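Each remark here refers to the structure printed beneath this line.
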Amino acid sequence: MCLAVPGKVVEIFEENGLKMGHIDYAGAISRACLEYVPEIRLGDYTVVHAGFALSILDEEEAAKSFAAWRELQAAAAREGVDLFGRPLADADADADEQE
């Protein structure tokens, strides 16, 4: 399963001749190659697949994706599972937190 969760570019650097970046996913930082989106700038949002940034999203589009993500998490929690279908330890408490 591939989830296209946007991340914010917080650092751009060159590594071995390639444009690279650090991408912030709500506090979790990962590296990605930015060669497919050469026009990307600090603060832009991007979607990364297999370590490569594939597109640039504006902040409004990223916000829509985050809202859809939260709705998906809440729907899963109401069913007593996480996004991967694993049972929640305390399904009732988690469902209340998501709403």
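What you are looking at is a predicted structure, and each value in this text was computed from that prediction instead of being measured. Heads up: numbering here begins at 1 and tracks the sequence. The basis for the numbers below is simple: all heavy atoms, side chains too, and nothing from hydrogens, waters or symmetry mates.
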Start with the C-alpha gap between Q73 and L83, add the side-chain angles, then the distance that decides, and say whether side-chain contact (heavy atoms from CB on, under 4.5 Å) holds. CA-CA 6 Å; Q73 286 178 308; L83 289 175; 3.6 Å; yes
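The residue from L54, I23, L57 that alone fulfils the side chain to side chain contact (heavy atoms under 4.5 Å, CB included) condition with T46 is I23.
Side-chain contact between V37 and F52 is absent, with no heavy-atom pair separated by less than 4.5 Å. Here the side chains of L88 and D82 are in contact, with some heavy-atom distance below 4.5 Å.
Of all the heavy atoms in K19 and I12, the pair that sits closest is CE-CG2, 3.8 Å. In plain terms, the two heavy atoms of A53 and Y36 that are nearest each other are O-CB, 3.5 Å.
Connection of I40 to Y25 is established within a shared hydrophobic cluster, with ILVMFWY side chains joined at heavy-atom distances below 4.5 Å, either directly or through further cluster members. The hydrophobic clustering, which links ILVMFWY residues whose side-chain heavy atoms are closer than 4.5 Å, places I56 and L42 together.
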Atom pairs and distances, side-chain donor-acceptor, residues 58-65, under 3.5 Å, sequence neighbours left out:
unit_1	atom_1	unit_2	atom_2	d
D58	OD1	E60	N	3.2
D58	OD1	E61	N	2.7
S65	OG	E61	O	3.4

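Put simply, CE on M20 and CZ on R31 are 4.0 Å apart, with the number rounded to the nearest 0.5 Å.
By the ring pair (Phe, Tyr, Trp, His ring centres under 6.0 Å) test, F13 is found to be paired with H22, residues two or more places apart in sequence or in another chain being considered.
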